[in-house]
Novice: 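Right, I'll just put the structure down here and ask away after.
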Amino acid sequence: MEGLVIRHADVRRPDLRWPLPERMSERLSGQRVLRLRRRSKYILVDLSSEETLIIHLGMSGRILISEKPLGVFHHTLPAPEKHDHVVFEMETGARIAFNDARRFGAMDLAPTELVEAHWLLKDLGPEPLGNVFNEDYLEARLRGRNMPMKTALLDQKIVAGLGNIYVCEALNRAGISPRRKAGNLSRPQIARLVPIIRDVLNEAIAAGGSSLRDYRQTDGELGYFQHAFRAYDREDQPCRTPECDGTIVRIVQSGRSTYFCPGCQR
DNA sequence: ATGTGTTCCTGTCCGC
DNA sequence: TGCGGACAGGAACACA
């Protein structure tokens with residue numbers, strides 16, 4: 001998309017998680033995509049109109065690209081599939097479809113200059129791969145907090161961009177129980193946790209993400225980080241932490257599955 | 001101010 | 001095969 005004009009945006013339903021913005025198709029069609037960027041789990045599409053399209057994939061959302069092969073005269077792009085809610089036709093003929101069965105995803109338009117003040121973005125914590133997220137910061141944010149570590153790391157106000165899988169994986173690697181009160185971690189534990197979180201994310205990104213069921217990369221390929229899980233989705237299986245002979249258990253914390261090893265995670 | 005449970009929606013899987 | 005229930009990558013919101 002980057003650098004290309006959106007020939008047409010086909011907005012196929014009025015809402016996702018929330019109503020789509022007013023006159024969305026008109027505000028997107030004919031605009032050039034100046035830049036694609038990201039804040040936390042939000043995809044930001046800067047347009048030549050000085051508006052930015054904000055996209056969140058929710059649980060089941062995906063964006064799939066169908067390229068029009070060069071030099072093929074008679075070539076029809078695939079018809080929209082079920083749950084293709086917004087389809088972008090680019091000037092090159094490529095089709096880019098936002099598909100989201102559960103519709104927990106979202107899109108909105110905001111002035112580029114003000115996009116970080118948008119209500120969905122304004123309270124987000126720092127990027128886990130950035131310099132602001134460090135031992136001092138995390139210690140300060142966890143201090144005095146009574147919530148379990150699992151809940152704290154899922155809280156996008158504390159650190160932005162960690163989801164259920166990567167919180168479970170990071171806590172397992174760090175040897176920290178998901179039930180530990182956030183305010184009770186020792187300073188050395190926090191110091192260990194920060195680089196572990198970065199490692200888990202960097203490894204997952206390098207592996208193309210985690211395909212539990214729906215997730216695909218933009219070219220339709222599966223991610224393969226799920227094969228590297230040490231705890232997540234591995235109930236009753238051996239903990240994969242080196243030297244540990246424990247067994248992964250599944251518990252529920254604030255309504256969501258947590259997988260961890262009671263043997264090595266304290 | 002914090003912490004927890006509910007809710008949105010569709011699809012899939014498992015036990016009966 | 002069909003049916004009901006549990007569960008799924010998220011996170012805003014209402015309520016204690």
Side-chain angles (χ1 to χ4, degrees), chain A residues 12-20 38-43 54-64 80-86 97-108 118-125 128 140-172 178-184 197 200-201 203-205 207-218 220-229 231-236 248-259:
Chain A
R12 304 168 57 80
R13 56 172 300 130
D15 57 349
L16 295 169
R17 181 168 182 182
W18 296 288
L20 289 167
R38 175 194 66 77
R39 170 73 173 109
S40 182
K41 297 174 191 172
Y42 294 89
I43 298 163
I54 302 167
I55 304 174
H56 196 295
L57 299 176
M59 292 267 231
S60 54
R62 50 172 124 164
I63 294 174
L64 292 180
E81 303 219 6
K82 196 172 185 187
H83 307 306
D84 279 353
H85 304 312
V86 179
F98 176 92
N99 180 292
D100 184 9
R102 294 180 73 181
R103 270 184 277 125
F104 291 172
M107 286 196 199
D108 200 5
H118 189 277
W119 64 280
L120 288 168
L121 306 188
K122 67 183 175 62
D123 293 324
L124 291 172
R141 290 303 303 260
L142 298 182
R143 192 184 305 147
R145 301 300 293 265
N146 233 357
M147 55 169 60
M149 271 310 290
K150 167 76 184 314
T151 311
L153 293 183
L154 272 181
D155 185 343
Q156 305 294 298
K157 296 184 185 65
I158 295 178
V159 54
L162 296 181
N164 207 29
I165 291 172
Y166 302 119
V167 167
C168 290
E169 291 300 304
L171 288 173
N172 176 266
R179 295 179 164 131
R180 273 288 287 279
K181 298 288 179 199
N184 282 359
I197 287 170
V200 167
L201 292 177
E203 288 174 30
I205 291 165
S210 306
S211 293
L212 290 182
R213 39 190 70 93
D214 298 325
Y215 177 74
R216 294 290 184 280
Q217 304 184 62
T218 50
E221 292 295 307
L222 297 171
Y224 50 90
F225 191 69
Q226 65 278 10
H227 303 302
F229 289 171
Y232 189 84
D233 206 19
R234 300 193 59 248
E235 185 176 22
D236 295 332
I248 301 297
V249 299
R250 174 185 175 272
I251 62 171
V252 174
Q253 292 179 290
S254 40
R256 311 200 58 194
S257 287
T258 297
Y259 297 87

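A note on names: the letters A, B, ... follow the listed sequences, proteins ahead of strands, and every chain is numbered from 1.
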Novice: Map A:Gly144 and A:Arg213 onto DNA chain B by nearest heavy atom, then report which one ends up closer to the 5' terminus.
Specialist: A:Gly144
Novice: Indicate whether OP1 or OP2 belonging to C:dA11 is found under 4.0 Å from a side-chain N or O atom of A:Lys41.
Specialist: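 Indeed, a polar side-chain atom of A:Lys41 lies that close.
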Novice: I want to verify a distance call: between C:dA8, C:dG9, B:dG11, whose nearest atom is closest to the A:Ser257 side chain?
Specialist: C:dA8
Novice: At under 4.0 Å between heavy atoms, what does A:Ser211 touch on the DNA or RNA strands: base, sugar-phosphate, or nothing?
Specialist: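 Contact class for A:Ser211: base.
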Novice: Which nucleotide in the list B:dG3, B:dT10, C:dG9 gets nearest to the side chain of A:Leu212?
Specialist: C:dG9
Novice: If only side-chain N and O atoms of A:Arg145 are considered, is one of them under 4.0 Å from the OP1 or OP2 phosphate oxygen of B:dG3?
Specialist: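 Yes, A:Arg145 has a side-chain N/O under 4.0 Å of OP1/OP2 on B:dG3.
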Novice: Would A:Phe104 pass as stacked on B:dC9, i.e. its ring centre under 5.5 Å from the base's six-membered ring centre and planes under 30° apart?
Specialist: no
Novice: Mark yes or no for a side-chain to base donor-acceptor pair under 3.5 Å between A:Arg256 and C:dA8, with no hydrogen or angle criteria applied.
Specialist: no
Novice: Any N or O donor-acceptor pair linking the side chain of A:Arg103 to the base of B:dC9 at under 3.5 Å?
Specialist: no
Novice: Rounded to whole angstroms, how far apart are CZ on A:Arg102 and P on C:dG10?
Specialist: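 So the two atoms are 10 Å apart, to the nearest Å.
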Novice: Using a 4.0 Å heavy-atom cut-off across all strands, classify A:Tyr166 as base, sugar-phosphate, or nothing.
Specialist: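 No contact.
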Novice: Please tell me which of A:Asn146 and A:Asp214 maps to the more 5' nucleotide of DNA chain B, matching each residue to the nucleotide holding its nearest heavy atom.
Specialist: A:Asn146
Novice: OP1 or OP2 of C:dC7 versus the side-chain N and O atoms of A:Arg250: is any pair under 4.0 Å?
Specialist: yes
Novice: Is the distance from OP1 or OP2 of C:dA11 to the nearest side-chain N or O of A:His56 less than 4.0 Å?
Specialist: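 Yes, within the criterion.
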